[in-house]
Amino acid sequence: NISKLSENPFFNQKLSNLDWTYCTSKYTADIKVDNQELSGSVSFRMKKDSIIWISASVGGFPVAKLVFTKDTVIVLDNYKNRYFAGNYKKINDSLKTNISFPLLQAVLLGEFYPLFHDSTYTSYQENLSVLYCTPKREQSELAIQNKGFSASEKTFHAIWLNDDSTRVQRVYYQEPIKKVILDIVYLSRHVDDKKLPKITEVKMKGKDEKESTIRIELNKMDIQKDALDTEIKIPQGYVKMQ
């Protein structure tokens with residue numbers, strides 16, 4: 001049963017976001033795309049609210065490096081010897097999505113990040129957790145009752161918080177017109193003062209109806225006092241992606 005709560009009681013409250021400037025972290029990753037599976041490792045270097053540097057390897061071979069800032073994206077594809085350097089608009093137009101730096105950072109750290117203005121959300125109590133939904137009440141209730149959210153005809157965003165409303169449990173995003181679905185579930189968190197996501201599962205589906213699943217497990221995170229090297233050098237002979 002879903003009962004209406006007072007409208008958006010937590011939007012003006014900072015929900016357990018971490019207090020640090022620089023950090024490094026290491027993950028193991030399992031990726032499944034169209035029944036093809038591969039495993040690897042991912043390293044991150046971050047300056048909070050500023051830059052995310054990512055290096056991904058499979059079988060010990062570096063396959064990609066990425067840098068995200070507030071307004072630029074650089075991708076180095078070591079597998080096909082090519083690179084991309086540009087802004088988020090070009091990526092979003094190509095992938096039919098709405099990626100941004102704040103969204104990427106929030107997903108990685110498991111932080112509370114509403115995509116739309118808080119006045120478009122409605123709050124509910126579902127079992128022990130708090131659930132925020134948009135669009136408004138009628139669409140939200142219909143979509144939730146159908147569980148797959150397929151009933152929603154408008155862009156739909158939902159955020160589940162845990163029973164004390166301090167940690168994000170799940171994030172769901174759907175754009176029916178573009179047929180884009182993003183479902184992020186934080187399966188477990190580290191039992192320490194940071195309570196960072198330990199195991200995160202991300203499911204994505206685009207207009208081509210192909211579903212991708214990424215499951216990452218955080219092995220280690222270190223808070224750093226000094227600035228980190230986040231530069232990417234484009235190797236000679238790499239071709240720029242258009």
Side-chain angles (χ1 to χ4, degrees), residues 15-68 73 75-79 95 97 99-113 128-129 158-173 181-206 210-224 228-230 232:
L15 289 172
S16 302
N17 290 348
L18 299 176
D19 183 18
W20 51 267
T21 301
Y22 298 100
C23 80
T24 60
S25 54
K26 293 184 180 297
Y27 294 80
T28 54
D30 296 301
I31 303 171
K32 182 177 181 181
V33 182
D34 278 354
N35 296 320
Q36 294 185 342
E37 300 184 26
L38 56 89
S39 299
S41 60
V42 184
S43 297
F44 286 83
R45 297 173 189 168
M46 293 180 61
K47 180 180 181 183
K48 194 169 185 188
D49 301 326
S50 178
I51 192 166
I52 300 172
W53 177 98
I54 305 171
S55 178
S57 301
V58 175
F61 177 77
V63 294
K65 286 186 178 180
L66 306 91
V67 166
F68 298 93
V73 179
V75 179
L76 187 65
D77 181 351
N78 297 113
Y79 183 70
L95 299 179
T97 186
I99 296 171
S100 67
F101 181 88
L103 174 61
L104 287 170
Q105 179 175 269
V107 168
L108 182 62
L109 299 177
E111 293 185 339
F112 183 72
Y113 183 77
L128 295 177
S129 64
I159 305 170
W160 283 258
L161 304 178
N162 65 359
D163 53 354
D164 65 0
S165 303
T166 61
R167 301 287 171 183
V168 176
Q169 289 183 323
R170 181 186 179 192
V171 178
Y172 184 93
Y173 176 77
I181 294 175
L182 177 64
D183 193 7
I184 304 164
V185 180
Y186 299 100
L187 298 173
S188 65
R189 288 181 180 264
H190 284 274
V191 184
D192 57 19
D193 58 333
K194 302 186 204 62
K195 295 185 179 177
L196 285 165
K198 178 175 174 60
I199 301 176
T200 303
E201 186 172 87
V202 181
K203 292 184 178 181
M204 299 172 285
K205 185 181 287 187
K210 294 180 180 179
E211 185 174 285
S212 303
T213 301
I214 302 173
R215 183 185 176 100
I216 60 173
E217 181 171 354
L218 175 62
N219 298 320
K220 183 180 181 182
M221 178 181 179
D222 293 317
I223 305 301
Q224 307 289 327
L228 302 169
D229 180 10
T230 54
I232 284 185

>> Measuring from atom CZ of Phe68 to atom CE of Met46, what distance do you get when rounded to the nearest 0.5 angstrom?
In response: 11.0 Å
>> Tell me whether the count of non-hydrogen atoms from other residues, nucleotides or ligands lying under 6.0 Å of OH in Tyr79 goes above 12.
In response: no
> Between atom NZ of Lys198 and atom CG of Leu218, what is the distance when rounded to the nearest 0.5 Å?
Replying inline: 7.0 Å
> Are side-chain heavy atoms of Trp20 and Met221 found at a separation under 4.5 Å?
Replying inline: yes
> Taking only residues two or more places apart in sequence, or in another chain, which ones meet Ser39 in a side chain to side chain donor-acceptor pair (under 3.5 Å)?
Replying inline: Asp30
>> Show, in sequence, the C-alpha distance, side-chain angles and deciding distance for Ile181 and Tyr173, and conclude whether the side chain to side chain contact (heavy atoms under 4.5 Å, CB included) test is met.
In response: CA-CA 6 Å; Ile181 294 175; Tyr173 176 77; over 6 Å; no
>> For a 4.5 angstrom cut-off between non-hydrogen side-chain atoms, does Val73 reach Val67?
In response: no
> Between CG of Leu182 and NZ of Lys203, what distance do you get to the nearest 0.5 Å?
Replying inline: 12.0 Å
>> Using modelled atom types and a 3.5 Å cut-off, is there a donor and acceptor pairing between side-chain atoms of Arg215 and backbone atoms of Ala29?
In response: no
> Any side-chain heavy atom of Val185 sitting closer than 4.5 Å to one from Thr200?
Replying inline: no
>> Testing the basics here: between Ser57 and Pro62, what is the closest heavy-atom pair and its distance to 0.1 Å?
In response: OG-CA, 3.6 Å
> Measuring from Asp183:CG to Lys205:NZ, what's the distance to the nearest 0.5 Å?
Replying inline: 11.0 Å
> In Å and rounded to the nearest 0.5 Å, what is the CD1 to CG distance from Ile52 to Leu104?
Replying inline: 5.5 Å
>> Ignoring hydrogens, what is the shortest heavy-atom contact between Tyr113 and Ala106? Give both atom names and the distance.
In response: CB-CB, 3.5 Å
>> Test side chain to side chain contact (heavy atoms under 4.5 Å, CB included) on Leu196 and Arg189; report intermediate values, then the result.
In response: CA-CA 5 Å; Leu196 285 165; Arg189 288 181 180 264; 5.7 Å; no
>> Is there a side chain to side chain contact (heavy atoms under 4.5 Å, CB included) between Asn219 and Thr28? Walk through the geometry before answering.
In response: CA-CA 7 Å; Asn219 298 320; Thr28 54; 3.2 Å; yes
>> Out of the candidates Tyr27, Tyr22, Trp53, only one should pair with Phe44 under the ring-ring contact (aromatic ring centres under 6.0 Å, His included) rule; please name it.
In response: Tyr27
>> Between Gln105 (side chain only) and Asp49 (backbone N and O only), is there a donor and an acceptor less than 3.5 Å apart?
In response: yes
> Run the salt bridge (Lys or Arg N to Asp or Glu O under 4.0 Å) check on Glu217 and Lys26 step by step: do they pass?
Replying inline: CA-CA 9 Å; Glu217 181 171 354; Lys26 293 184 180 297; over 6 Å; no
> Can you find a heavy atom in the side chain of Ile199 that is under 4.5 Å from one in the side chain of Ile216?
Replying inline: no
>> Salt bridge or not between Glu201 and Arg170? Use side-chain N to carboxylate O under 4.0 Å.
In response: no
>> Just verifying a value: how many Å separate Cys23 SG and Leu228 CG, rounded to the nearest 0.5 Å?
In response: 8.0 Å
> Below 4.5 Å, heavy atoms only, C-beta onward: do Phe112 and Ile159 meet side chain to side chain?
Replying inline: yes
